[in-house]
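Some notes on the structure that comes next.
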There are 2 protein chains.
Amino acid sequence: MVHDGSSAEETIYRRATSCVMIDPILHILADSSVFQGLSERELQDVREAATMRRYVAGELMVRQGDPALAFHMLICGHAKLVQVTPDGHQVLIRYARPGHSFGLRSALSGFEYSLSAEAIDDSRALVWYGEVLAQLMERYSRIAFNGMRMMTLRNVEMQLRYQELLTEPVEQRVAQALLRLSNDMGQKTKEGILIDVPLSREDLAEYSGTTLYSVSRILRQWENAGVVRTGRERVLVRSQDSLLDIAAATI
Amino acid sequence: MVHDGSSAEETIYRRATSCVMIDPILHILADSSVFQGLSERELQDVREAATMRRYVAGELMVRQGDPALAFHMLICGHAKLVQVTPDGHQVLIRYARPGHSFGLRSALSGFEYSLSAEAIDDSRALVWYGEVLAQLMERYSRIAFNGMRMMTLRNVEMQLRYQELLTEPVEQRVAQALLRLSNDMGQKTKEGILIDVPLSREDLAEYSGTTLYSVSRILRQWENAGVVRTGRERVLVRSQDSLLDIAAATI
DNA sequence: CGAATTCTTTGCCCGCGCGCAAAGAATACA
DNA sequence: TGTATTCTTTGCGCGCGGGCAAAGAATTCG
């Protein structure tokens, strides 16, 4: 299975950094999954078609169920992408950091947002109206092609998570969730990998398909075993190998 | 939420029809999700870039884990798209009938097939090599755009199935599964909607995330209640309204 | 046509993990 | 600094549904 190679190479902007107008935005665009492979002139064209919007921590950037009118790419700050099920469960789909995007479907007519994006901290995002994005895709087929690639990867990940929910016990799923988070939002420290977003037991439960009580019991056990170090809304992975062992355990 | 409008309008070719070279193939291409919106000349171009392959019932058209080298579109016959999880569970992702396709990822370099496609009955499919499809997408951005749209819809459905697995009891999920199958593979008869593929209890279990024993108990109960009529590897939905009620029940 | 195979049915036991309760602890705010 | 709020922890009971067993029934094949 192939992963989105650009993720490993993207420049990581510290969450602690105060939120200011950042140069080079074109660099973020060039490194992003959707706009990679475009020439500098094409990137300039893309940049000029967007507006920059700012969001305060806690603000919704898009709302599930609303008509999907715009495509967003984070320039700084972080967001949490969530869905609410008909019976009121919240599912955490993923976190987003600079370079990550959502709302590709705005280029398709008549779609609603299938998830909500909530700014975790003060953030800025480039925003393209859907028709504008569609025109860019018509002009530069590479954007549509990259979009297809991104949605393919999203689908593959959703298939994997479905399979995990179907076949794996809770502990295994929580281990997998922490590994994904380490990979996507992790920052290496002397002690291990710090997951660099606020991550409550509730958040981790929503991400791995369980409840905060199960997550609490599991993290307590792993902390005692030295696998993780935790605090309030904070998880640091001390032994990624242990998590890999747990994640791969066969029943 | 928007559905793939072309599904409702696609011409349905009877499974019972013996498998012969069918005219009009261009019509199937024009109606398909991937190639809709192309001009007649463009469709001709697309048609000429493909080869026609024949598969006997039971034969694998693509295999999960193999490098994704080709894109397939069924011209006649039916296929079953499945995944096997690391611990040996089989998941039925969906059925495919003429006009349906799989393997878009072959246009993306370095991907493996995430599922296997097995011919249910003697079938024929148009096959495009990945590089050829990628070139077609570069030449006609509408194909890449349609591809992005198709993968978006796939992703949305996968998200919904994840949510269902997370929050709904087995009976509700089996009802939803039958509704989807009625919609995708159903044929109206006097008695109700016949799901027009062989559908064992095991198949329905793999499609709805449960076991054949649970499905058996549920179908037996629904048959007694007049909701369905069943036979061996055969389900006819007598009361779609009843299934809708069951599917929508809140805990 | 009979044997073999595969699918379906029904009973029943067990365990995972959800969910509720009841705290304690950490953080935010006035 | 103290109060209020929110998050975390731990105990425990219950139920959904998985899975095994043991058949019966339908279909396939020789």
Side-chain angles (χ1 to χ4, degrees), chain A residues 57-58 80 85 87-92 120-121 163-177 195 197-225 228-236 246 249-251, chain B residues 57-58 80 85 87-92 120-121 163-177 195 197-225 228-236 246 249-251:
Chain A
K80 191 196 227 185
T85 70
D87 72 337
H89 267 79
Q90 180 152 290
V91 178
L92 206 167
I120 291 177
D121 37 23
Q163 291 181 19
E164 286 167 21
L165 195 60
L166 184 68
T167 63
E168 295 173 11
V170 168
E171 193 189 27
Q172 206 170 338
R173 298 204 310 272
V174 175
Q176 304 241 17
I195 295 169
V197 284
L199 184 65
S200 68
R201 273 68 173 149
E202 180 77 33
D203 289 334
L204 189 44
E206 290 171 4
Y207 190 54
S208 51
T210 182
T211 64
L212 78 93
Y213 312 105
S214 296
V215 167
S216 185
R217 295 192 234 289
I218 292 169
L219 286 187
R220 175 59 41 202
Q221 197 185 331
W222 288 349
E223 183 143 23
N224 291 344
V228 297
R229 285 280 293 282
T230 71
R232 186 174 165 130
E233 296 194 348
R234 177 176 166 286
V235 179
L236 177 142
I246 297 167
T250 47
I251 297 173
Chain B
K80 189 196 227 185
T85 71
D87 71 338
H89 268 79
Q90 178 154 291
V91 178
L92 205 168
I120 291 176
D121 36 22
Q163 291 181 19
E164 286 166 20
L165 196 58
L166 184 66
T167 63
E168 294 174 9
V170 168
E171 193 189 26
Q172 208 171 336
R173 299 205 309 273
V174 175
Q176 303 238 18
I195 293 170
V197 284
L199 184 64
S200 68
R201 272 63 172 157
E202 179 78 34
D203 289 335
L204 189 44
E206 290 172 5
Y207 191 56
S208 50
T210 183
T211 64
L212 79 92
Y213 312 106
S214 297
V215 166
S216 185
R217 295 191 235 284
I218 292 168
L219 286 187
R220 175 59 40 202
Q221 198 185 331
W222 288 349
E223 182 141 25
N224 292 344
V228 299
R229 285 280 294 281
T230 71
R232 185 176 165 130
E233 295 194 352
R234 179 175 167 284
V235 179
L236 179 143
I246 296 167
T250 47
I251 295 172

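Hydrogens, waters and symmetry mates play no part in the numbers below; they use all other heavy atoms, side chains included. In what follows, chains carry the letters A, B, and so on, assigned in the order in which the sequence lines appear, proteins first and then strands, with residues in each chain numbered from 1.
- Between B/Ser200 and C/dC7 there is no side-chain N or O to OP1 or OP2 distance below 4.0 Å.
- With hydrogens and angles disregarded, a donor-acceptor distance shorter than 3.5 Å links the side chain of B/Glu223 to the backbone of B/Thr230.
- Following rounding to the nearest Å, A/Asn224 (CG) and D/dT8 (P) show an atom-to-atom distance of 16 Å.
- Nearest to the side chain of B/Arg220, among C/dT9, C/dC7, C/dC18, sits C/dT9.
- Nearest approach of B/Leu204 to B/Ala177, heavy atoms of both residues: CD1-CB, 3.9 Å.
- Looking at which nucleotide of DNA chain C each of B/Leu199 and A/Val170 is closest to, the 5′-most match is held by B/Leu199.
- Side-chain contact between B/Arg217 and B/Gln221 is absent, with no heavy-atom pair separated by less than 4.5 Å.
- Map A/Glu202 and B/Arg232 each onto its nearest nucleotide of DNA chain D; the residue landing nearer the 5' end is A/Glu202.
- Within the 4.0 angstrom heavy-atom criterion, base atoms lie near A/Ser216.
- Here D/dG15 presents its C1' atom at 18 Å from CD of B/Glu168, a figure rounded to the nearest Å.
- Contact annotation: B/Arg201 reaches the phosphate of C/dT9 (side-chain N/O to OP1 or OP2, under 4.0 Å).
- Distance, A/Gln221 CD to D/dT10 P: 11 Å, rounded to whole Å.
- Taking atom OH on B/Tyr213 and atom P on D/dA21, their separation rounds to 10 Å, with Å as the unit.
- Between the CD atom of A/Glu223 and the C1' atom of D/dC7 there is a distance of 15 Å, given to the nearest Å.
- Contact annotation: side chain of B/Arg217 to base of D/dG19, donor-acceptor pair present below 3.5 Å.
- Atom pair A/Asp203:CG and D/dT6:P shows a separation of 15 Å (rounding to whole Å applied).
- Following rounding to the nearest Å, B/Glu171 (CD) and D/dG15 (C1') show an atom-to-atom distance of 16 Å.
- Nearest nucleotide to the A/Glu233 side chain, out of D/dG17, D/dT8, D/dA21: D/dT8.
- With values rounded to the nearest 0.5 angstrom, B/Glu168 atom CD is found 11.0 Å from B/Ser208 atom OG.
- Using a 4.0 Å cut-off, some side-chain N or O of A/Thr210 falls inside it from OP1 or OP2 of C/dC18.
- Taking side-chain N and O atoms only, A/Thr211 has a distance below 4.0 Å to OP1 or OP2 of C/dC18.
- Of the candidates D/dT9, C/dG17, D/dG18, D/dT9 carries the atom nearest the A/Leu212 side chain, counting heavy atoms from C-beta on.
- B/Ile218 has its CD1 atom 14 Å from the C1' atom of C/dT10, to the nearest Å.
- Remark: the backbone N or O of A/His89 is paired with a side-chain donor or acceptor of A/Thr85 at under 3.5 angstrom.
- At a threshold of 4.0 angstrom between heavy atoms, the contacts of A/Leu219 with the nucleic acid are absent.
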